[in-house]
Asker: 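What follows is a structure written as structure tokens; I'll ask about it next.
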Amino acid sequence: MVARERVRQLQAEGRDVIDLTAGEPDLDTPKHIRDAAAAALEAGETRYTPVNGTPALRKAIIAKLARENGVRYAMNEISVGGGAKQVIYNALAATLGAGDEVIVPAPYWVSYPDMVEACDGTPVIVSCGENARFKLSAEALEKAITPKTRWLILNSPCNPTGAFYSAAEIAVLAEVLLRHPHVAVMTDDIYEHIRFDGEATPCIVAAEPRLRTRTLLVNGVSKTYAMTGFRLGYGAGPSELIAAMNTIQSQSTSCTSAISQAAATAALEGDQGFVTEAREMYRRRRDRAVALLNDIPGLSCLPPDGAFYVFPSCAGLIGKTTPEGKILKTDMDVVMHFLDAAGVAVIDGTAYGMSSYLRMSIATSLPKIEEACTRLARTCAALRYG
């Protein structure tokens, strides 16, 4: 990414850059999880495991899904991969052929369309604007489905917007899918526990059990437990799909790290106090960031319902001129100006399928968020028209 390279260049020059691009918690992995990883290492658990994960981890995943999501799966319906990203890729690689379509609501996580294309599929981007609170409607889904549609990908809470689907919204989407039995649904639930109303994120299989045979639930431990470097994700779905995904993985990376699997087992089975504390911390950061951003002329920001990003509109800055005489024509122009003039690094909304927006991570300290917004306010105040 151009902006990312510019961040590195400025940092190498000794510039003070507040980086709000990171999609990972700034918190330490909880001690009981670290201890489990160390204990596994000391116990000699350093060998290959089954491709689809250790029995202990798969049992922990099954118990988690039953306890938190109200759905039941068997051991051969669980796949463990090197992050949720690999699980998604394995599913697409195992099912897509040339011409197959995958519906991707926008804004979307940047990797979805690229992974679809890498697997010879065609991403069908459905724009879900701010007036729809960045969520796919039943009408838009119905319109996007064709005889070639293979998958719908739903990410809730969403990266980059933080939007999540309520039980009622999931139910109406499920009604559409029931009318199109050739369409499978993949739910990326990686931000499941970072939902600011404190409620559980609805599971589409629990809401509509008739979709179970064509649904893949994708999740992982990276965001919830601050375990991004452990690289562990998992999927739950019909045994035929899981078997095909395991075959793909067996010929690429084989099993996930045995140490990471031991740590993930401890994360799912152990004390969940960290999850509640982290969510409350993100909520405070969300509230402060939204308030400060909405005080800056030219920016406007809906409060995200979950995840740890804010997604403000910068449409009010498009067309303005910098003190150096450059006209800001795109959200990328805004990103680069913020970086050069304010020393604040953010990501353009165009990268997520929606222009004139910015993605800012709040997975950083309140003082950094406040300082970043102070710098942005000063930078925006220096812009002019004409």
Side-chain angles (χ1 to χ4, degrees), residues 23-24 29 33 36-37 40 45-65 69 71 73-96 102 109-119 121 150-151 153-155 159 184-193 203 205 215-269:
E24 63 178 338
T29 305
I33 299 174
E45 296 177 22
T46 57
R47 302 185 183 278
Y48 293 133
T49 76
V51 171
N52 59 339
T54 63
L57 177 54
R58 279 181 284 149
K59 287 178 182 177
I61 292 167
I62 290 169
K64 180 269 180 206
L65 292 170
N69 306 107
V71 291
Y73 285 86
M75 291 287 278
N76 65 341
E77 294 177 313
I78 304 297
S79 180
V80 174
K85 191 173 189 176
Q86 184 180 32
V87 175
I88 294 168
Y89 186 89
N90 287 347
L92 296 174
T95 56
L96 293 184
V102 177
W109 179 45
V110 294
S111 291
Y112 295 145
D114 288 349
M115 287 195 287
V116 170
E117 291 179 343
C119 295
R150 182 66 182 85
W151 286 99
I153 298 179
L154 282 180
N155 178 207
N159 175 8
V185 59
M186 186 186 305
T187 66
D188 181 351
D189 305 321
I190 197 70
Y191 295 96
E192 172 189 19
H193 290 98
C203 173
V205 173
T215 298
L216 178 68
L217 307 177
V218 179
N219 211 323
V221 296
S222 59
K223 315 296 184 179
T224 299
Y225 302 102
M227 294 175 65
T228 51
F230 285 81
R231 304 309 307 134
L232 191 136
Y234 58 86
S239 59
E240 297 84 358
L241 172 62
I242 295 297
M245 291 166 58
N246 290 336
T247 297
I248 294 290
Q249 186 165 309
S250 71
Q251 300 304 324
S252 55
T253 61
S254 297
C255 63
T256 305
S257 159
I259 306 302
S260 294
Q261 292 188 61
T265 302
L268 295 175
E269 293 183 339

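For clarity, every value in this text was computed on a predicted model and none was experimentally measured.
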Asker: Quick one: list whatever passes salt bridge (charged side-chain N to carboxylate O under 4.0 Å, His left out) with K59, sequence neighbours left out.
Answerer: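 For K59 there are no salt bridge (charged side-chain N to carboxylate O under 4.0 Å, His left out) partners, ignoring immediate neighbours.
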Asker: Please find the pair of heavy atoms, one from V185 and one from L154, that lie closest to each other, and give the distance.
Answerer: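 Minimum heavy-atom contact is CG2-CD1, 4.5 Å.
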Asker: Do T29 side-chain atoms and A226 backbone N/O form a donor-acceptor pair below 3.5 Å?
Answerer: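 It does hold such a pair.
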Asker: Is there side-chain contact between V80 and L232, with heavy atoms separated by less than 4.5 Å?
Answerer: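 Contact flag for V80/L232 side chains = yes.
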Asker: To the nearest 0.5 Å, how far apart are CG in D189 and OH in Y191?
Answerer: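 Here the interatomic distance stands at 12.5 Å.
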Asker: Which residues pass the side-chain hydrogen bond (donor to acceptor under 3.5 Å, both in side chains) test with E192, not counting sequence neighbours?
Answerer: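 side-chain hydrogen bond (donor to acceptor under 3.5 Å, both in side chains) check on E192 returns K64, N69, N219.
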Asker: First locate atom OG1 of T95, then atom CG of N90, and finally report the distance between them rounded to the nearest 0.5 Å.
Answerer: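 T95 OG1 to N90 CG: 10.5 Å, rounded to 0.5 Å.
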Asker: Using every non-hydrogen atom in the two residues, find where A263 and M227 come nearest and quote the distance to one decimal.
Answerer: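 Shortest heavy-atom separation between A263 and M227 comes out as CB-CE, 3.8 Å.
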Asker: Are the side chain of T256 and the backbone N or O of G81 linked by a donor-acceptor pair below 3.5 Å?
Answerer: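 Present.
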Asker: Any side-chain heavy atom of I61 sitting closer than 4.5 Å to one from L268?
Answerer: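 Side chain of I61 against side chain of L268, heavy atoms only: contact under 4.5 Å found.
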Asker: Kindly say whether S254 contributes a backbone atom to a donor-acceptor pair with the side chain of Q249 at under 3.5 angstrom?
Answerer: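 Here the side-chain-to-backbone pair exists.
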Asker: To the nearest 0.5 Å, tell me how far L216 CG sits from W151 CH2.
Answerer: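 With rounding to 0.5 Å, CG (L216) is 5.0 Å from CH2 (W151).
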Asker: Report, one line per pair, each donor and acceptor closer than 3.5 Å where one atom sits in a side chain of residues 45-56; sequence neighbours left out.
Answerer:
from	atom 1	to	atom 2	distance (Å)
T49	OG1	Q261	NE2	2.9
T54	OG1	L57	N	3.1

Asker: Do the side chains of C119 and Y89 get nearer than 4.5 Å, heavy atoms only?
Answerer: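 Result yes, sub-4.5 Å side-chain heavy-atom pair found.
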Asker: Before you tell me yes or no, could you show the steps for Y73 and L217 under side-chain contact (heavy atoms from CB on, under 4.5 Å), namely the whole-Å CA-CA distance, both residues' side-chain angles and the distance that decides it to 0.1 Å?
Answerer: CA-CA 11 Å; Y73 285 86; L217 307 177; 3.7 Å; yes
Asker: How long is the gap from OG on S79 to CD1 on I242, to the nearest 0.5 Å?
Answerer: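 One gets 5.0 Å once the value is rounded to the nearest 0.5 Å.
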Asker: Find out whether L65 and I78 are in side-chain contact, i.e. whether some heavy atom of one side chain is under 4.5 Å from a heavy atom of the other.
Answerer: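 L65 vs I78: side chains touch.
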Asker: So which heavy atom on G220 is nearest to which on I190, and how close?
Answerer: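 Smallest interatomic distance, heavy atoms only, reads N-CD1, 3.4 Å.
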Asker: Hey, are the side chains of Y112 and V102 touching, using non-hydrogen atoms and a 4.5 Å cut-off?
Answerer: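 No, side chains not in contact.
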Asker: How many angstroms lie between CD in E269 and CD1 in I33, if you round to the nearest 0.5 Å?
Answerer: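 Answer for the CD-CD1 pair, E269 versus I33, is 11.5 Å.
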Asker: Closer than 3.5 angstrom, by distance alone: can the side chain of K85 be matched with the main-chain N or O of G233 as a donor-acceptor pair?
Answerer: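 Not at all, since once roles are kept as given, no pair shorter than 3.5 Å links the two residues.
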Asker: Supply the atom-to-atom distance R231 CZ to S260 OG, rounded to the nearest 0.5 angstrom.
Answerer: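 Taking CZ in R231 and OG in S260, the distance rounds to 9.5 Å.
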